[in-house]
Structures are given as structure tokens and as C-alpha cells.
Amino acid sequence: MAQSETPLLDELEKGPWPSFVKDLKMAGQKKAMSRDLLRQLELSYKERIGHWKHGGIVGVKGYGGGVIGRYSDRPDLFPGVEHCHTMRINMPTGWFYTTKALRTICDIWDKYGSGMTNFHGSTGDIILLGTTTNNLQPCFDELSEKGFDMGGSGSALRTPSACVGPARCEWACYDSLDAINDITHTFQMQLHRPMWPYKFKIKCSACPNDCVAAIARADLSIIGTWRDNIQMDPGAVKEYAGKLDIQEEVVELCPTRCMSWDEKKKELKINNKECSRCMHCINLMPKALAPGKDKGATILIGGKAPILKGAMISWVLIPFLKMEKPYQPIKDLALKIWDWWDENGKMRERVGELIERVGMRVFLKEMGIKPIPQMIRTPRANPYFFWWPEEVPQKPKSA
Ligand code: HEM
Ligand code: HEM
Ligand code: SF4
Ligand code: SF4
């Protein structure tokens, strides 16, 4: 038997988890690009270094983003991946597909690309992994004819994404799917044509469980919540009482300690004024408890990864906003943020870093939002306050 060309990667066909090496080999039966990708990857495993050249700027007509250009630094050894560009295709919100839609994408990608994909990129896009510069435009044209559009890349609005929300989750406090679909359509210009200091991401989770991790992975995080009382079915609570130690597992784990449990009467009480809507009790007793009826979302700002000034988790900007079609308040807010960031942001400065640089005081003033206690975890510990000149009483001029 001939010696395998990829002995290191072959090891990764063993074991119980679905093997990407097996999948790549399958794609390689049809496409030289996938075969060479596997061979180049083997070299990278051996040398422990990537074999892609730095950067790459390619695209389709009319758009400034959506394609990540990439070239092998060893085209002499791996001619199949001399070009190996990635196309980001905007996924349907919540990643719900018909087999027909997937078949359509596969047929087009089989024709123009490597046959390799990533379902999905971390931001949410369908990732079509590997094609040549010449194939970009015709591939995009055909996808576009079938109703698919490019996702975002570069210093632009990136592809917005949402949790499955009300499609199949009883905790959804607003229609995260509709909101993201609407926002994506409204801001197509900002998505396809980079015009800002840096990237900007929007994510919608319909409750604080935050299944798309909006708080950590979006500059503008929209997280569902409610402002009235948790809905309770006392009969269903009693049923849980047999299976669950409500005192220990629910009441004592409530972060604000706002619940009490009467073991004798099997009665649960919630002091809703003190509830921070953490979801714990609801998560544990989904048949008995549910979010309230007056629903909306908390709007948070600034989430980002470490580069440059350290990782940030989005922080509260608006504690409660109704999220109803046509979502005008959140769209107006986004436009205002972008305007201000565009004027004041440094090159490659995320909006969270800009706010950190100039201060929430300046940001809030520009946004026309009043500072409130919910925006902070604790008040500042140092005394270096700044004041607006108009806040400081002036001495009368000539007394
Ligand atoms: C035995 C010597 C000294 C004592 C006991 C002393 C004591 C103090 C005290 C009690 C304060 C106020 C701290 C506070 O705000 O809580 C202070 C502030 C200050 N001292 Fe001294 N000091 C001494 C020497 C010096 C010297 C030699 C200099 C400069 C050459 C100096 C410069 C300052 C300055 C600039 C501040 C203001 C700091 C600020 O605003 O944060 N001190 N000092
Ligand atoms: C490169 C040189 C210097 C730097 C970077 C510097 C930096 C600073 C900073 C950051 C503060 C605090 C400002 C604030 O509270 O908002 C400060 C306060 C102060 N500095 Fe300097 N400083 C320098 C030189 C000097 C020198 C040479 C002196 C005196 C001979 C001096 C005297 C003071 C005093 C007295 C304060 C306290 C002012 C107050 O409490 O209102 N500094 N400085
Ligand atoms: S974030 Fe909340 S509403 Fe959305 S899917 Fe997760 S649990 Fe359900
Ligand atoms: S949602 Fe969280 S804070 Fe509110 S009552 Fe339940 S456990 Fe307590």
C-alpha cells in the first residue's frame, strides 16, 4: 500500500468525534483545492506554522467586504490553494434552513468553490471556504439570484445574529429573529460598504440566558428582559417540590435572595422588586415559572475581544426598551452611535474603547441619555471627577 501523504492528519480520523479530516478527504475526492488544502495543512502540522500569506484584498463589485482573500505561501507545492478565498454569506436568522436552501448553496458552491464550508462562522455567516478570484463574481451572482447575499467583513457592520428566540423558546422576551432580520435589511449599506473606524457587531438574545453570547461578542448587545412580575403557576411549583429541593437549589441560589419557600404549604414567594431577572429560578422550573408579560430588552454597549485595550463585556446603556416593529428606537440609537464614533473614533478603535477613552459622561451627553445607577456596578473609587463648566457656579464678574 502506498504511504499516506498525511500521516499526522490521519491520526485525527480516529476517535469518536466527527473528524474534519474525513470530511476534507471527502471533499478532496471531487476537488483539487480540498486535496491541496489537506496537504498544506499536513505541512503546517509538521512545521507548526501557518502557510498562508499575509492578508489579501479581493471582493465583488459594488461591495467593500464579504470576502476574505487568502493565498498559499507555497503555491509551488500546493497549486490548488494558490488562491483560497473565503466568502461570507449572510445566514437566515436563527440558522433555520430548508433542505432546498442548503441544496441550492451546495450546488452553487460545488460549481465555483472547493466544496468546503464552515457551518457557521462565529459571527453567524455561512462560510464558503476556498475559491479563486475569478470565481468570486460569478459565484456571488448566482447566489444572489437565488436570494442569498454576502455577509459583512472589514470596518463595517458585521452580519447581525440572534438566538432562536420565539421560534422555539418559551423564554423569548421579544422576537429576536424578526428584530435581527429587520436590522440586517435596514442597514445593508453599512454592512456591505465599510465606512467606519473599525468593525461593529449587533447581536440579539431574547432573554438573559443569552444564547448567542451577545454580551461578550457584540458592540451593541440587545438582551431580552421584562419589568413586571415573574409569571408563576403555584400548582406546577408544588409538582416540582417532589423532584427538586426548592429551598436549596432555587431559593438559596437566587443572587438577590428575593425568594422564599414555605416547605409546609409548598408555597413559593418572589419579591419581584428585588429580582434581577437572572433566569435561574425559571431555568430550573420551566413548567412553573416564566418571564413577566411586560417584555422588552436591555441595551448594552461595548463588548469586544482583548486587542487593543483589553477584553470588554458590554455594559448597560438602556435598562429597558420595548422591542416592537419597526424597532425604530434601537435603529435611531445605532445611527447616533455610529455618527459619533465615526467622528471621534481613532483608526481601528472599537466603540467600547472610544467610550473608555473619552468617558461615559461624554458618550451619554452625545447620545442624549441620562446617567442612571443601573449603568454601573459600583461608583468610582477615585476622586478625579470632571465637571462640565456649566455645572460649576461662576463667580460674579465684578463684585
Ligand atoms: C513630611 C513631609 C510631608 C508631609 C507630612 C506631607 C503631607 C501631605 C498630605 C497630608 C497631603 C494630603 C494628602 C491627601 O490628599 O490625602 C499631601 C499632599 C501633597 N503633597 Fe505632601 N507632604 C510632605 C511632603 C511633600 C513634599 C516634599 C512635596 C513636594 C515636593 C509634597 C507634595 C504634595 C502634593 C503635590 C500633594 C497633593 C497630592 C494630590 O493632590 O493628590 N509633599 N501631603
Ligand atoms: C511631566 C511632569 C508631570 C506630570 C506628568 C504630572 C502629572 C500630574 C497629574 C496627572 C496630576 C493629577 C491631576 C489631576 O488630579 O487631575 C498632577 C497633579 C499635580 N502636580 Fe504634577 N505632573 C508633572 C510635573 C509636576 C511638577 C514639576 C510639579 C511641581 C513642582 C507638579 C505638581 C503637581 C501638583 C501640586 C499637583 C496637584 C494639583 C492639585 O491637587 O490640584 N507636577 N500632576
Ligand atoms: S437567549 Fe433566552 S430566549 Fe433566546 S434561545 Fe436562549 S433561552 Fe431562549
Ligand atoms: S430570576 Fe433570578 S433574581 Fe429573579 S427571583 Fe429568579 S433566581 Fe432570583
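Treat the numbers as computed from the prediction; the structure is a model and nothing was measured. Each ligand, and each atom within it, is numbered from 1 in the order the structure gives.
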Notebook entry, point to check: Is there a donor-acceptor contact under 3.5 Å from the side chain of Asn272 to the main chain of Ile230?
Noted result: yes
Margin query: Under 4.0 Å, heavy-atom basis, I'd like to know which part of Val212 is in contact with ligand 3: side chain, backbone, both or neither.
Written below: neither
Next item on the list: Heavy-atom contacts with Cys258 under 4.0 Å: which atoms of ligand 4 show up? List them by number with element.
Entry: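 Going through ligand 4 atom by atom, the ones under 4.0 Å from Cys258 are 5 (S), 8 (Fe).
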Checklist line | Sub-4.0 Å atoms of ligand 4 with respect to non-hydrogen atoms of Cys281 | finding: 1 (S), 5 (S), 6 (Fe), 7 (S)
Which residue supplies the protein heavy atom nearest to [atom], what is that atom called, and how far is it?
{"atom": "atom 8 (Fe) of ligand 4", "result": "Cys254 SG, 2.4 Å"}
{"atom": "atom 2 (Fe) of ligand 4", "result": "Cys278 SG, 2.4 Å"}
{"atom": "atom 4 (Fe) of ligand 4", "result": "Cys275 SG, 2.3 Å"}
{"atom": "atom 3 (S) of ligand 4", "result": "Ser276 N, 3.4 Å"}

Note to self: Under a 4.0 Å threshold between the charged nitrogen and the carboxylate oxygen, would Lys331 count as salt-bridged to Asp182?
What the structure shows: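 The answer is yes: the pair qualifies as a salt bridge.
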Item checked: Contacting atoms of ligand 3, where contact means under 4.0 angstrom from a heavy atom of Trp171 -> 3 (S), 7 (S)
Next item on the list: Report, in ascending order of atom number, the atoms of ligand 3 lying under 4.0 Å from any heavy atom of Asn209.
Entry: 7 (S)
Item checked: Metal site atom 6 (Fe) of ligand 3: N/O/S of Cys163 inside 2.8 Å -> no
Could you tell me whether the side chains of [X] and [Y] share a donor-acceptor contact shorter than 3.5 Å?
{"X": "Asn209", "Y": "Ser205", "result": "no"}
{"X": "Asp36", "Y": "Gln40", "result": "no"}
{"X": "Ser72", "Y": "His51", "result": "no"}
{"X": "Arg158", "Y": "Thr123", "result": "no"}
{"X": "Tyr198", "Y": "Glu353", "result": "no"}

Next item on the list: Select the closest option to atom 6 (Fe) of ligand 3 among Cys211, Pro208, Ser205, judged by heavy-atom distance.
Entry: Cys211
Item checked: The one among Met285, Lys269, Met279 that brings a heavy atom closest to atom 1 (S) of ligand 4 ->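 Considering heavy atoms of Met285, Lys269, Met279, the nearest to atom 1 (S) of ligand 4 sits in Met279.
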Next item on the list: Run the contact test for Ala172 against ligand 3 with a 4.0 Å cut-off on heavy atoms, strictly below, and give the result.
Entry: yes
Note to self: Tell me whether the NZ or CZ atom of Arg377 lies within the 45° cone about the ring axis of Trp315 and under 6.0 Å from its centre.
What the structure shows: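 The answer is no, since Arg377 fails at least one limit relative to Trp315.
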Margin query: Tell me whether atom 8 (Fe) of ligand 3 has Cys169 as a neighbour, meaning an N, O or S atom of it below 2.8 Å.
Written below: yes
Note to self: Tell me whether the count of non-hydrogen atoms from other residues, nucleotides or ligands lying under 6.0 Å of NZ in Lys322 goes above 12.
What the structure shows: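 It does: Lys322 NZ has more than 12 such atoms within range.
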Check: Between Tyr63 and His192, what is the ring plane arrangement, given parallel below 30°, perpendicular above 60°, and tilted in between?
Finding: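 Parallel.
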Margin query: At a threshold of 2.8 Å, where the distance has to be below it, does atom 6 (Fe) of ligand 4 have an N, O or S atom of His280 nearby?
Written below: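 No, His280 does not qualify, because none of its backbone or side-chain N, O or S atoms lies under 2.8 Å.
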Check: Looking only at heavy atoms, is any part of Met259 under 4.0 Å from ligand 4, and if so is it the side chain, the backbone, or both, or is it neither?
Finding: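 Under 4.0 Å from ligand 4, Met259 contributes side-chain atoms alone.
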